[in-house]
Amino acid sequence: MIKILYFASVRERLNKSEETMELPADINTVAQLVALLAAKNPEFRQLNEGGQPLLVSVNQTVADGSASLAANDEVAFFPPMTGG
Amino acid sequence: MIKILYFASVRERLNKSEETMELPADINTVAQLVALLAAKNPEFRQLNEGGQPLLVSVNQTVADGSASLAANDEVAFFPPMTGG
Amino acid sequence: MITVQQADFDLAAEYKGLREDAGDAGAIVTFTGLVREFYMPDADGALTGGSTQTLYLEHYPGMTEKSLQDIVAQAESRWPLLGTRIIHRIGKLHPGDQIVMVATASSHRHAAFEAAEFIMDYLKSHAPFWKKQSSATSSDWISSRSSDSEALKRWQD
Amino acid sequence: MITVQQADFDLAAEYKGLREDAGDAGAIVTFTGLVREFYMPDADGALTGGSTQTLYLEHYPGMTEKSLQDIVAQAESRWPLLGTRIIHRIGKLHPGDQIVMVATASSHRHAAFEAAEFIMDYLKSHAPFWKKQSSATSSDWISSRSSDSEALKRWQD
């Protein structure tokens, strides 16, 4: 099982803040997970087509598409950060 | 009459904090005043021969030797400033 | 010390604590960020949507603390710091409210100034906070600014 | 607001006053300088003369205020400031004491940071203050530092 979190405008767009899923055997990277989520959910696919980039973290560290995934990982999707 | 002030190590070296003097008719610049004070007082002359530069202000603004002097001016001599 | 909290904070208490912790510090710099009054864009992008009445700050619990610790560790590796404090507020805020505080102590002033500015520059785009502004009539997530990613270039040489 | 005084100061009160004066400021930076414990050089320049017990600050009344006003005016011409405060103490101080405070308010953080650092850099060598440190056995006027005149080069381009 991996845990997937959504924040800020991404959370509002998908209308959910988290979900868990069994990691399919053929999904080994962030890019593969993004493709899977986009295939399952048109709203998710559109997130990557809008103006601002979609950021991702794996186990609370910002990652890119090539980052590998394993069981029990915590993945999060969010817009660019705007602290301070 | 001009007023001459001395601060910090300069004040201690000369053992006075201020004096007033009638500005002689042939003294028109800071450099001329410095030469006059050095001629009158060996301690003052040595101030310019030590390691650190002697700074001067005229009417509370830092000046150099070419600055002109007039009656009622306030002249001060001091070492480099060390605030903060 | 890193704190993420909904409650307001007291700059004086943080300064006092840092001064006690920091031993023989010669310089303490504090930065405080405040919520500004600004105008919402309407559908055409014109600034007529009414002034901001609330600012809502969301964050990613856990990752926030981790990323702030990482930013402080980077600052400590670049400057000889005797202490640092970060407080970032979350939840609902209003114009004039304090949002964030960064304080640094060092033997020398340039280290304290640069470290505080470095921490703020990184915090703006490397800590998982997001802001949504609302007026009486509309609300919008605030976009990241290109000036904030520009600011980071100063530290990347 | 510029103050030269013997008494200690309260950073919290200055911050509060600046925040009230500055209206829609987004950023407030404060710098506080503290007296450090340092060792006196002996006749050979070795640092064995005993630790500093007092620091005496002399100034040139009138010229001090004038030069600080001039420094603030220069900062205001370079950055869009919404308020500034300077307090500099004079007289007899001890290690750990507050010596100087500079606070700046602006809409944006870089202006507040840079203006505070600029004011401190100029104050160090363009305001007529002089420091004498004393231990139990000796006392010496503190020389100006080449690092302080170096610091000014950043602002001269």
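Below, chain A is the first sequence line, B the second, and so on; all start at residue 1.
No donor-acceptor pair under 3.5 Å is formed between the side chain of B:Asp73 and the backbone N or O of B:Val75.
Only the side chain of D:Lys132 comes within contact range of chain B, judged by heavy atoms closer than 4.5 Å. For chain B, the nearby parts of D:Lys131 are the backbone and the side chain; heavy atoms of each come within less than 4.5 Å. Contact of B:Leu5 with chain D is made through the side chain alone, with heavy-atom distances under 4.5 Å. For a residue to count as touching a neighbouring chain, one of its non-hydrogen atoms must lie under 4.5 Å from one of that chain's; by this rule D:Leu123 touches chain B with backbone and side chain alike.
Nearest heavy atoms, D:Glu65 versus D:Pro61: OE1-C, 3.9 Å. In this structure, D:Tyr60 and B:Ala76 approach most closely via the heavy-atom pair CE1-CB, 3.4 Å.
Residues B:Glu12 and D:Trp141 have side chains that bring a donor and an acceptor to within less than 3.5 angstrom of each other.
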